[in-house]
Structures are given as C-alpha cells and as structure tokens.
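Following: one structure in structure tokens, then a few remarks.
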Amino acid sequence: MDIDDLAKRILAGERRALARAITLVESGRADHRQDTLRLFEALKGHGKEALRIGLSGTPGVGKSTFIEAFGMMLTRQGLKVAVLAVDPSSTRSGGSILGDKTRMERLSRDPNAFIRPSPSQSHLGGVARRTREAIDLCEAAGFDVVLIETVGVGQSETVVAELSDLFLLLLAPAGGDELQGVKRGIMEMADIILVNKADGDLKTTAIRTCADYAGALRLLRKRPQDPDGFPKAMTVSALEDTGLATAWDTMQELVDWRRDNGHFDARRAAQARYWFEAELRQSLLSRLEREPMKGLVTAAGRDVENGTQTPSQAAEQVLARLEGRLS
Ligand SMILES: Nc1nc2c(ncn2[C@@H]2O[C@H](COP(=O)(O)OP(=O)(O)OP(=O)(O)O)[C@@H](O)[C@H]2O)c(=O)[nH]1
C-alpha cells in the first residue's frame with residue numbers, strides 16, 4: 001500500500017481515502033497496524049483541530065434525527081462534519097448503530113459530511129483506540145466538527161467523554177418527576193443536556209423535563225472548566241429543527257470560554273495522557289495473553305493451585321520474566 005499517497009489524499013480531504021484509512025486502523029492484522037503507524041507518521045503535524053462533540057442517548061431518543069438535522073445545519077454554514085460511533089455491544093445487523101443505511105440518509109449524501117459506522121467489535125478498548133484514531137484521521141482530512149455518538153451502554157459514555165471536547169446528553173421528555181433514571185455519573189459528564197422532541201403534544205412535558213434537569217444540574221458541584229450557568233439543560237426538536245441553532249451557539253459559547261481560560265487545551269492534554277495509560281495497560285495485558293508469556297502465566301497459575309507458590313510470588317515471577325523480555 002502506498003502510504004504516502006494515502007496520506008496526501010487524506011490531507012486533500014478525499015472522503016474515499018479517509019474511509020480507506022479508517023478501514024486500515026480498524027483492521028486487526030499486524031501488517032495493517034504497521035501501515036497505520038506509518039500513516040500517522042506521515043500525517044503528523046498536518047490537518048486541523050476539529051471540535052469534537054460527544055453525544056449519548058438511549059435508543060429511540062432521536063440521536064440519528066438530531067445528528068442529521070444538526071449536521072445539515074452545520075454543513076449549510078459551510079462546515080465539514082464527520083460522524084463516528086462507539087457501540088461496542090450492538091446486536092444490530094453489522095454490529096453497528098450506523099450500519100442501517102436509512103439512518104441519516106440526507107446527511108450521508110451531503111458532500112460536506114462523512115458518516116462512519118462503529119466497527120463491529122466486542123472489546124471496548126479496541127473500539128476506543130480505533131475511534132480515537134478515526135478522529136485524528138478526520139482532523140487530518142480537514143473536518144471542522146467531529147460528532148461521536150454512543151448509545152451509552154456500559155462504559156461507552158466514559159470512552160466518548162474522554163474522546164471529546166464537549167459532551168452532550170440527549171434525553172426524551174419524561175412523564176412524572178423522576179429523572180428517567182439517568183445515572184449521576186452520566187449527568188456529571190454532560191456539558192449540555194438536550195431534551196429532544198419538544199414539539200406537538202410533547203412540548204409541555206419537554207419543557208417541564210428540561211426544568212427538572214436544570215434543577216438537578218444546579219445541585220452538582222461546580223466544575224472549574226465551566227463558566228457560570230453551565231452545565232446547561234435546553235429543549236430541542238430534531239424533527240422540527242427548532243432549538244438547534246441556539247444549542248450550537250451555546251456549545252460555541254462554552255468552547256470559546258474554555259479556550260480563553262486554558263481549559264480546552266488542558267482537557268486535550270489530560271485526555272492524551274489518559275489514552276496513553278489505557279493503551280499501555282491494554283498492550284501489557286495482551287502481551288500476557290500471547291505466547292510465550294501465556295504459557296508462563298498458565299504454569300504459574302498451576303503452581304498457585306497446587307500450593308507450590310503463593311499468588312504474590314507467582315505474580316512477581318511472571319512480571320520479572322516480562323521485564324526481562326522487555327529490557
Ligand atoms: N416528535 C418528535 N419525534 C422525534 C424527534 N426526533 C426523533 N423523533 C422520533 O423518535 C424516533 C426515534 O428517532 P431516532 O432518531 O431513530 O432515534 P435514535 O436515538 O437514533 O434511535 P436508535 O437508532 O434506536 O438509537 C423516530 O420515530 C423519530 O421520528 C423530535 O424532535 N420530535
């Protein structure tokens with residue numbers, strides 16, 4: 001594969017080259033991994049800094065309707081928009097929340113948009129790395145906004161929050177006064193809560209739900225990375241395209257403030273460190289799961305079972321062998 005040519009075409013903003021490069025980073029083959037590393041070397045220092053927006057919401061809340069309407073609004077303003085997904089446990093066809101071709105049909109035809117389904121992988125760590133690299137590729141290809149979507153199963157919200165500059169939580173209008181069972185941890189991650197479907201019969205409920213969430217957000221501890229009034233809850237209707245422009249203004253207001261106050265860069269730096277540590281942990285674990293370490297671990301496990309070694313002794317022994325191999 002001509003990696004330099006691929007890099008050149010990505011930097012020229014060719015969507016096909018971008019799609020091909022993402023396929024490369026998603027591949028599990030060792031030679032493809034080498035190609036990926038060479039590709040990133042060739043792309044280093046080029047491209048632009050996109051605004052990375054994470055979006056989470058349960059199935060049916062209107063994520064695809066929102067992303068399509070929001071994405072179209074941005075492309076109408078001349079911005080280039082990429083949509084990626086993190087969905088490690090999908091049972092849907094193709095293992096992908098964006099696999100369904102009918103989702104975001106208009107946006108997928110927009111020349112200023114790029115939509116990429118989640119890789120069908122069950123391992124969240126693997127999905128996270130691939131998504132992270134896909135974001136970098138979108139930035140190299142000159143995208144202004146990268147939307148990272150998740151259905152929010154298990155730890156995927158944390159992954160998306162650690163990949164984005166801004167985290168949106170999309171919610172539906174809820175009857176009664178209970179807060180839809182949204183976990184506190186997820187509320188704490190949100191920068192902006194968007195109560196969708198604020199239209200027709202649902203409008204009044206949406207406004208009340210929004211007020212409930214605004215109240216709940218006020219009870220959270222103030223975060224240093226937020227100006228006054230954030231995190232915020234707002235109503236939108238993805239279907240009727242209302243509230244989206246205001247939501248975008250609010251996102252920009254928050255991002256501008258964070259940039260001016262050093263929080264934007266600090267967050268990216270902390271994220272880079274987080275992913276370095278995650279990658280290191282994962283690589284070490286996969287070394288232990290591969291021969292020759294795998295055999296050693298099995299043998300040490302047997303020693304522990306039959307009492308010839310204590311668990312700590314056996315672990316020390318395996319680690320000493322690993323260090324010997326690494327040094
Ligand atoms: N009334 C109203 N309905 C909406 C709105 N946005 C989405 N819907 C409807 O809600 C349903 C689910 O919308 P989707 O956009 O497919 O939701 P999703 O969160 O992507 O769902 P999954 O694909 O299952 O994850 C569809 O019937 C939409 O038409 C809205 O703003 N107002």
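Positions are given from 1 along the sequence. Just so you know, these numbers use all the heavy atoms, side chains as well, and skip hydrogens, waters and symmetry mates. All ligand and atom numbering here is 1-based and tracks the order in the structure.
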Below the 3.5 angstrom mark, is there an N/O of Leu239, backbone or side chain, next to an N/O of ligand 1?
yes
For Thr65, the atoms of ligand 1 under 4.0 Å from one of its heavy atoms are 6 (N), 7 (C), 13 (O), 14 (P), 15 (O), 28 (C)
Q.
Taking a cutoff of less than 4.0 Å between a non-hydrogen atom of the residue and any ligand atom, is Leu170 in contact with ligand 1?
A. no
CG (Leu43) and CG (Asp4) are apart, to the nearest 0.5 Å, by 9.5 Å
Going by the 4.0 angstrom heavy-atom rule, the piece of Val61 near ligand 1 is both
Partner of Glu26 under salt bridge (charged side-chain N to carboxylate O under 4.0 Å, His left out), picked from Arg116, Arg33, Arg130, is Arg116
Here the atoms of ligand 1 under 4.0 Å from any heavy atom belonging to Lys63 are 15 (O), 17 (O), 18 (P), 19 (O), 20 (O), 25 (O)
Taking only non-hydrogen atoms of Thr58 and a 4.0 Å limit, the atoms of ligand 1 in range are 19 (O)
Original post:
Looking only at distance, does Ser64 have an N or O less than 3.5 Å from an N or O of ligand 1?
Top reply: yes
So, the side chain of Lys80 versus the backbone of Ala141: is there a donor-acceptor pair under 3.5 Å, distance only? yes
Would you say ligand 1 has an N or O under 3.5 Å from any N or O of Ala198? no
- Does Val236 reach the side chain of Asp241, with side-chain heavy atoms less than 4.5 Å apart? no
key: Close approach of Gly57 to ligand 1, heavy atoms, under 4.0 angstrom   = no
Query raised in the report: Does Leu202, backbone or side chain, put an N or O under 3.5 Å from an N or O of ligand 1?
Result: no
**Polar atom proximity, Asp199 to ligand 1 (N or O, under 3.5 Å)** = yes
Side chain to side chain contact (heavy atoms under 4.5 Å, CB included) with Val81: of Thr75, Asp144, Asn112, Ile115, only one passes, and it is Thr75
Exercise. Do the side chains of Glu253 and Phe230 get nearer than 4.5 Å, heavy atoms only?
Worked result: yes
Run Leu51 and Phe264 through side chain to side chain contact (heavy atoms under 4.5 Å, CB included) and show every step you take. CA-CA 10 Å; Leu51 179 62; Phe264 188 93; 4.1 Å; yes
Heteroatom proximity flag, Val236 to ligand 1, N/O under 3.5 Å: no
State whether the side chain of Thr150 and the backbone N or O of Val86 hold a donor-acceptor pair below 3.5 Å, judged by distance alone.
yes
